[in-house]
Amino acid sequence: MFVSDCRRDFYDVIVNQALFQCDHVQYTLVPVSGWQELETAFLEHKDQFKYFVLINCGANVDLLEILQPEEDTFFFVCDSHRPINVVNVYNDTQIKLLIKQDDDLDVPAYDDIFRDEEDEEEDSENESDGSEPSEKRRRFEEDVIERTMKRRQRREWEARRREILFDYEQYEYHGTSSAMVMFDLAWIMSKDLNDMLWWAIVGLTDQWVQDKITQMKYVTDIGILQRHVSRHNHRNEDEENSLSIDCMRIAFEYDLRLALYQHWSLYESLCNTSYTSASLKLWSVQGQKRLQEFLADMGLPLKQVKQKFNSMDMSLKENLREMIEESANKFGMKDLRVQTFSIHFGFKNKFSASDIVYATVSLMENVEKEGPETTNFIKALDSLSRGNLDKLHQGLDLAKKQLRAIQQTVASCICTNLVISQGPFLYCSLMEGTPDVKLFSKPVSLCLLSKYLLKSFVCSTKNKRCKLLPLIMAAPMDVEQGTVIMVGIPPETESSDKKNFFGRAFEKAADSTNSRTLHNHFDMSIIELKTEDRSKFLDALISLLS
């Protein structure tokens, strides 16, 4: 079982592991961080196994071309990356795609992109050697006209095919969370458990936190999961012990859009949550004044909001959500309330789905790691088990550091005008020596920083045109090898469909300039680039997108 080595895949993996364990199926789990590792892992295991499960990797490329498997090798692909490669879609022998039936893939018709090879070499000789010369000449002319017409039709078909594939492949986006697909599979097989349901919830929440799906898609999928939550966590009203169901209960709720606030202080959460920080412009002196006014409007003493949430007066915590929502509307933060789920382990431990997301990514991309590359992956995977709450709490502490680093970097970029307009897009580059720059050499952390920075920039700039532009962000990757990691994200607009065109644009810009790039990430909008090639690469992008 190969799994993409980035945070949203833990939830899919652990559901899949549970399914295998139900049927006592032996398997080998191999985390892979990119295409190169996937190829290497396949070469190492192809002689031992004939069946491979690919989780959140493999759908958006021609797997058979990349891996060159034997005919008796089969792949089961559960991947939220879109668009799915057309060869994978129409290969019904070696590749099995695990997709929800109601997912709209918008795949081109088979006849529009595939065509049976025809033998265009036709015998121009006449069957009868005794034919008149004029008859031979007439037939030869007809054959020439017919072959010319066939070549023209083929050129027109190929041009149309290129146009169809360009329209289909130009945007990168995400479909239903793989964790939800795996849970649906377990449900269909009558093997779904409350733990599996929670992992599916966290998988969906990860897509929302990472801004991979639209708000409409998130709300729709929340509704689907809510029905399963009601089914698995139903209890009678007269039961005295509401947490007696296997000491674990999942609940749907409307919660505050504040990162880790139940495990932090309310003040720190307000300052380090992207939504509130950008809305209040907390990087400025005026923004800090607005924060004080916001707290005063709620009637919350500064002493209370700066201590741990668990230590706040019960009288304040009971009506806290209503107080915050009421004041937030006055300060233009109308979307501070969000639909989500929480989980209770016994009587003491309560976590929201977003808490788990932040904890796992911080464990996964912990730059203070020691040992082999897969160590962090295993730690993050273990943190999802309710028997390893100590690792989960460790992840929450790391997540607080990560969120502080992101907000401090955002404030620095805004205040020093590091975000510049390059015409068709905004560009920001972190220099070596920037605080926490090592953290942002990790893809998910850099993506989070980029999205938070664009949101803050849109709130701070007065230039209406810049508010509609996408952002490219670069950070040092490996100083010794002279490489940078670069990510492109779509514009920050309310009507955004979350589709990203930078993947194809990066490929074309690299090809046209012979820039030394590495397109190794499963998200095509993330690349590695030689530092000295950056200028010509960006010039090509500007020319391409203008």
Side-chain angles (χ1 to χ4, degrees), residues 4 35 38-39 42 52-122 146-176 178 181 212-213 217 488 490 497-512 519-525 527 544-545:
S4 166
W35 298 114
L38 177 62
E39 292 180 48
F42 177 72
F52 296 86
V53 180
L54 275 60
I55 298 180
N56 258 6
C57 58
N60 54 349
V61 295
D62 186 346
L63 271 181
L64 299 185
E65 181 180 348
I66 287 181
L67 301 179
Q68 299 291 318
E70 299 293 334
E71 291 185 359
D72 60 346
T73 300
F74 300 92
F75 299 92
F76 297 86
V77 183
C78 184
D79 188 1
S80 64
H81 291 96
R82 302 289 185 268
I84 297 177
N85 186 277
V86 291
V87 176
N88 295 341
V89 172
Y90 287 111
N91 184 302
D92 56 358
T93 52
Q94 290 183 266
I95 297 177
K96 313 295 182 182
L97 297 173
L98 305 178
I99 303 170
K100 289 195 70 173
Q101 289 185 343
D102 55 354
D103 268 7
D104 184 14
L105 301 181
D106 199 24
V107 181
Y110 180 88
D111 292 336
D112 289 339
I113 50 177
F114 294 107
R115 182 170 174 171
D116 294 332
E117 293 295 329
E118 296 178 358
D119 184 12
E120 297 186 2
E121 297 286 335
E122 293 188 2
E146 184 178 353
R147 285 197 293 270
T148 303
M149 288 294 294
K150 284 185 176 181
R151 283 195 293 269
R152 181 185 300 170
Q153 289 173 359
R154 183 163 186 85
R155 283 196 301 269
E156 291 175 352
W157 181 85
E158 288 174 348
R160 176 62 180 157
R161 179 182 186 271
R162 285 193 296 270
E163 183 181 337
I164 291 172
L165 287 178
F166 175 79
D167 291 341
Y168 174 66
E169 295 175 344
Q170 64 175 323
Y171 292 110
E172 181 184 17
Y173 62 104
H174 287 262
T176 300
S178 299
V181 175
K212 292 290 187 184
I213 55 175
K217 172 67 173 170
D497 56 8
K498 309 301 179 185
K499 292 188 176 182
N500 194 330
F501 59 83
F502 277 117
R504 297 299 176 191
F506 284 167
E507 286 183 352
K508 290 188 176 181
D511 290 341
S512 64
H519 303 260
N520 187 43
H521 294 270
F522 297 119
D523 284 325
M524 297 174 61
S525 56
I527 64 166
L544 181 66
L545 299 176

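None of these values were measured; they are calculated from a predicted model. Basis for what follows: all heavy atoms, side chains included, without hydrogens, waters or symmetry-related copies.
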Looking at every non-hydrogen atom in both residues, tell me the closest pair between [X] and [Y] and how far apart they are.
| X | Y | result |
| --- | --- | --- |
| H174 | I213 | O-CG2, 4.2 Å |
| D523 | E172 | CA-OE2, 3.3 Å |
| V86 | P108 | CG1-CD, 4.1 Å |
| G58 | L54 | CA-CD2, 4.1 Å |
| L105 | Y168 | O-CE1, 3.6 Å |
| N56 | H81 | O-CE1, 3.4 Å |

Practice problem: Take atom CZ of F74 as the centre, draw a 6.0 Å sphere, and report whether it contains more than 12 heavy atoms from other residues, nucleotides or ligands. | Solution: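 Yes, CZ of F74 has more than 12 neighbouring heavy atoms, counting only those of other groups under 6.0 Å.
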
Quiz item: Can you check whether T93's main-chain N or O pairs, donor with acceptor, with N91's side chain at less than 3.5 Å?
Solution: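 Here the side-chain-to-backbone pair exists.
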
Self-check item: Heavy-atom donor-acceptor pair, N500 side chain to G488 backbone, under 3.5 Å
Solution: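 At least one qualifying donor-acceptor pair exists.
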
Practice problem: Kindly determine whether Q94 and L67 satisfy side chain to side chain contact (heavy atoms under 4.5 Å, CB included), including the steps that lead there. | Solution: CA-CA 12 Å; Q94 290 183 266; L67 301 179; over 6 Å; no

Describe, in one word, how the ring planes of [X] and [Y] are oriented to each other, choosing from parallel (under 30°), tilted (30 to 60°) and perpendicular (over 60°).
| X | Y | value |
| --- | --- | --- |
| F42 | F75 | tilted |
| W35 | F522 | perpendicular |
| Y110 | Y90 | perpendicular |

Practice problem: List the steps, then state whether side chain to side chain contact (heavy atoms under 4.5 Å, CB included) holds for V107 with I84. | Solution: CA-CA 8 Å; V107 181; I84 297 177; 5.8 Å; no

Quiz item: Rounded to the nearest 0.5 Å, how far apart are CG of N88 and CG of L63?
Solution: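 It is 5.0 Å, given to the nearest 0.5 Å.
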
Taking side chain as C-beta onward, heavy atoms only, is [X] less than 4.5 Å from [Y]?
| X | Y | result |
| --- | --- | --- |
| R151 | R154 | no |
| E39 | I66 | yes |
| L545 | F502 | yes |
| N60 | M524 | yes |

Partner residues of [X] under the side-chain hydrogen bond (donor to acceptor under 3.5 Å, both in side chains) criterion, sequence neighbours left out:
| X | result |
| --- | --- |
| K217 | T176, D221 |
| T148 | none |
| K100 | D184 |

Quiz item: Considering residues at least two apart in sequence or located in another chain, which fulfil the side chain to side chain contact (heavy atoms under 4.5 Å, CB included) criterion with E156?
Solution: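 Applying side chain to side chain contact (heavy atoms under 4.5 Å, CB included) to E156 gives R152.
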
Quiz item: Do E163 and R160 meet the salt-bridge criterion of a basic N to acidic O distance under 4.0 Å?
Solution: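 Yes.
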
Quiz item: Listed by chain and number, what are the salt bridge (charged side-chain N to carboxylate O under 4.0 Å, His left out) partners of R504, not counting sequence neighbours?
Solution: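 E169, E507.
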
Practice problem: Could you tell me which residues satisfy salt bridge (charged side-chain N to carboxylate O under 4.0 Å, His left out) with D106, sequence neighbours excluded, listed by chain and number? | Solution: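 For D106 there are no salt bridge (charged side-chain N to carboxylate O under 4.0 Å, His left out) partners, ignoring immediate neighbours.
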
Practice problem: Could you tell me whether the side chains of D79 and S178 share a donor-acceptor contact shorter than 3.5 Å? | Solution: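 Result is no, nothing qualifies.
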
Quiz item: Taking the six-membered ring of Y173 as reference, does the NZ or CZ atom of K499 fall below 6.0 Å from its centre and within a 45° cone about the axis?
Solution: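 K499 over Y173 ring: yes.
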
